[in-house]
Amino acid sequence: MDANDTRFSQSSGPSGRLAGRLAGRLAVLLPLPLGRLYDYLPPPPPAPRPEPGAVVEVPLGPRRLFGVVWGDGVGDLAPERLRAILRAFAVPPVPAVSRRFVDWVAAYTLSAPGQILRMVVSVPAALAPPKRTPIWRAVADAAAPAGFKWTPARRAVMAMLAGGAGRTQADLLAAAGCGTAVLRGLADAGLIALAPPDDGADRDGPPVPVPDWQRPGPTLSADQAAAAEALRAAVATGGFSVTVIDGVTGSGKTEVYFEAVAAALAAGHQVLVLLPEIALGTQWLARFAARFGVEPCLWHSELTPARRRATWRAVATGAARVVVGARSALFLPYPALGLVVVDEEHEPAFKQEDGVLYHARDMAVARAKLGQIPIVLASATPSLETLANVEAGRYRCLVLPARHGGATMPPVELVDLCRDAPERGRWLSPRVCQAIQAALAAGDQAMLFLNRRGYAPLTICRGCGHRLACPNCATWLVDHRRAGSLQCHHCGHTAPRPGTCPQCERTGLFAACGPGVERIAEEVAELFPHARTALMTSDTLTGPEAGATLVAKVLAHELDLLIGTQVMAKGHHFPLLTLVGVVDADLGLAGGDLRAAERTYQVLHQVAGRAGRAERPGRVLVQTHMPEHEVMQALASGGRDRFLALEAASRRELGLPPYGRLVALIVSGADAAAVEAVATALGRTAPRDDRVTVLGPAPAPLALLRGRHRRRLLLKAPRDVAVQPLVARWLLSVPIPSAVRVQADVDPYSFL
Ligand code: ADP
Ligand code: ZN
């Protein structure tokens, strides 16, 4: 978000500025980073005056835009300069609660309301009535001309159109398994013809199936039943409440919140389930389908345009009863939302890191509050933010202590890399190798976890010490051998591996430093040549399809060994997997991220939970150079709560989240001097008093990103300080040239 855009949102927000009706004018919010409402006249009669929430088309300069009627006009424009709304779209109005949510999120994140509106009306194509697809019909009483060849395909098509039924071309081709040439042949012969669809035909495609909430769920254990009952009661009572389900992996959290979903459906509500993008896999969908008889409506970045359009409309009309999606699903204009579930609530993936910077879990709680509805946060490793709210009595916590069916959490063994060191040039210790050997010999599956894509994170010239760096970012290029290239993980820059060193111009002296998953795969191939292995990273899981294929192969025991990054840690249930090896547990602890320890614990705990989920007991080996570190000790001893208490105490001591507030300002631009000047000026005008401190400006750890120089400032304040107005005033205190961008990140999760 540009600092320039924030200048408006510090005013009380659009809905606070409603003046009286002036010449019948209407205030319209446009999907632009303007931050202010624009006045328009109602559309000319006989069109009715649009109600608040109506989605309308308006002129803006030479353009036509959609906008949403926010209320009565503000009245700061002379009547003769007002233009009229062109038309209202035939879609349900954006509900009042969604409009209040837009204003709330804009104010909280220091964004322009128009930027948030763009996330609500995220599919402008859905505003127009859907195209009416023409259909093929058999021509009545037509006879084949002499010499017409009746191929099997032609017969098949005619059989499908027999009895007067019409079919769309796509449908017909798929059903008959033929190509368009067959249709053309029949049409040329006058046997079939393309016609407009029946009047009254469903314009939005097939109706959205309604989940059957009356189907029985599994018989719940006593703990599960108690938790389910509490959630059902929250749904029945209605009103705002936050319930945390804190249960180890496999304890049945999903089954329990499905009971709440059933209760909300029975009461006629819509339900939203937010999952980290990565967890939106086929396994979750299959479980939903097994429980409710149909698949839910999906919302994520990979939907086809047609699916997005249809789903947006189905949500807006209320036809979509259950939506499961990633972050952005939160902003859809639900008219009847009655329950929100955030699964894996601790996941950093819920923080949106570009465009509008927001945390979907926190915004979901705000949405539930505005809508006066219950929200459920589920996790095996709840965030400190959530636990602090439990402690303060704001959230209720339900604990599921045991894995379902008596499976136990696997014991975690620490492998001290200083004492049990891998051979030179290798990364797996003898103990891990033996464990893999044993698992494979027993016909089990194993998993090796390393949170680093590619072959090696650094390539260095042994002749002169030159390191291959990204030209656009202050970072090294990662060697991706399978793709045959060097890649920047920040800007996506890709280059072939150079033959000669760009600095000393000698050839053949490059050395790969450190391991990535591809390098571990290479080592495994040498050690266990007969094991069937696969890589599981975002490079290989290019979409839900690829993910489903790989998961199916694991389940069918067509693979023995998986090597992967944290995409592998999510939600999968692999009964034959008994061994998990963590290649480098220390990786996430480096750097200045305040949540590094918490995050490392969460990820490693989750990875460990993949082992031994069925009858066979699991084993987890964690390679570390720091076996005494509190994170490692917590993993090995199962002492999660002690670790969290320590972590919480140190955050409290330092006034860090969740016990204090942070707002980061990132100043960036192509011109280092201009960036420096703005950052220095912001440093001088920073709000400082005995409660509010500002650190910086300092060069960002990623001091160059996508060719832009970056400096950071960090504002720290106690929880009871309203930081947004402070920051908004601060941003106004310094003139910001257009070549420099100042981004405010409220509650930052990334400190790069
Ligand atoms: P979590 O969400 O806590 O990881 P799940 O809800 O995914 O746990 O449950 C783990 C596995 O145990 C799933 O395969 C689930 O179907 C099964 N399960 C959980 N509770 C029950 C139950 N009461 N009866 C039958 N199966 C259950
Ligand atoms: Zn780069």
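Being a predicted model, the structure only gives us computed values, none of them experimental. In each ligand, atom 1 is the first atom listed, and ligand 1 is the first ligand listed.
- Aromatic ring centres of Trp284 and Phe258: separated by under 6.0 Å.
- Heavy-atom proximity to Leu220, at under 4.0 Å, picks out these atoms of ligand 1: 23 (N).
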Contacts table for residues 287-296: side-chain donor-acceptor under 3.5 angstrom, sequence neighbours left out:
from: Arg287; atom 1: NH2; to: Glu255; atom 2: OE2; distance (Å): 2.8
from: Arg291; atom 1: NH1; to: Arg215; atom 2: O; distance (Å): 2.9
from: Arg291; atom 1: NH2; to: Glu259; atom 2: OE2; distance (Å): 2.9

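- Under the 6.0 Å distance and 45° angle rule, Arg595 counts as a cation-pi partner of Tyr749.
- Under the rule for a side chain to side chain donor-acceptor pair (under 3.5 Å), the partners of His466 that lie at least two apart in sequence or sit in another chain are Gln503.
- Partners of Glu353 according to the salt bridge (charged side-chain N to carboxylate O under 4.0 Å, His left out) rule, which considers only residues two or more places apart in sequence or in another chain, do not exist here.
- Protein N/O/S atoms found under 2.8 Å from the Zn ion (ligand 2): Cys470 SG, Cys473 SG, Cys488 SG, Cys491 SG.
- Residue Gly247 places no heavy atom under 4.0 Å from ligand 1.
- In this structure, Arg361 fails the cation-pi test against Phe350, since its NZ or CZ atom is not both closer than 6.0 Å to the six-membered ring centre and inside 45 degrees of the ring normal.
- Atoms of ligand 1 found under 4.0 Å from any heavy atom of Gly252 (numbered from 1 in listed order, with element): 1 (P), 3 (O), 5 (P), 6 (O), 8 (O), 9 (O), 19 (C).
- Contact annotation: the side chain of Phe510 approaches that of Pro498 to within less than 4.5 Å [non-hydrogen atoms, C-beta and beyond].
- Of all atoms in ligand 1, listed by their number and element, those nearer than 4.0 Å to a heavy atom of Val248 are 3 (O).
- Residue contacts with ligand 1: Pro218 is placed with no nitrogen or oxygen under 3.5 Å of a nitrogen or oxygen of the ligand (distance criterion only).
- Of all the atoms in ligand 1, the ones that sit under 4.0 Å from a non-hydrogen atom of Glu255 are 6 (O), 15 (C), 16 (O), 19 (C), 20 (N).
- Near Thr249, the atoms of ligand 1 lying under 4.0 angstrom from a non-hydrogen atom of the residue are 4 (O).
- Ring pair His489/His480: centre-to-centre distance below 6.0 Å.
- No side-chain heavy atom of Leu704 sits less than 4.5 Å from a side-chain heavy atom of Arg710.
- Between Asp479 and Arg453, no side-chain nitrogen of the basic residue sits less than 4.0 Å from a carboxylate oxygen of the acidic one, so the salt-bridge criterion is not met.
- Taking every heavy atom of Thr219 and a limit of under 4.0 angstrom, the matching atoms of ligand 1 come to 22 (C), 23 (N), 24 (N).
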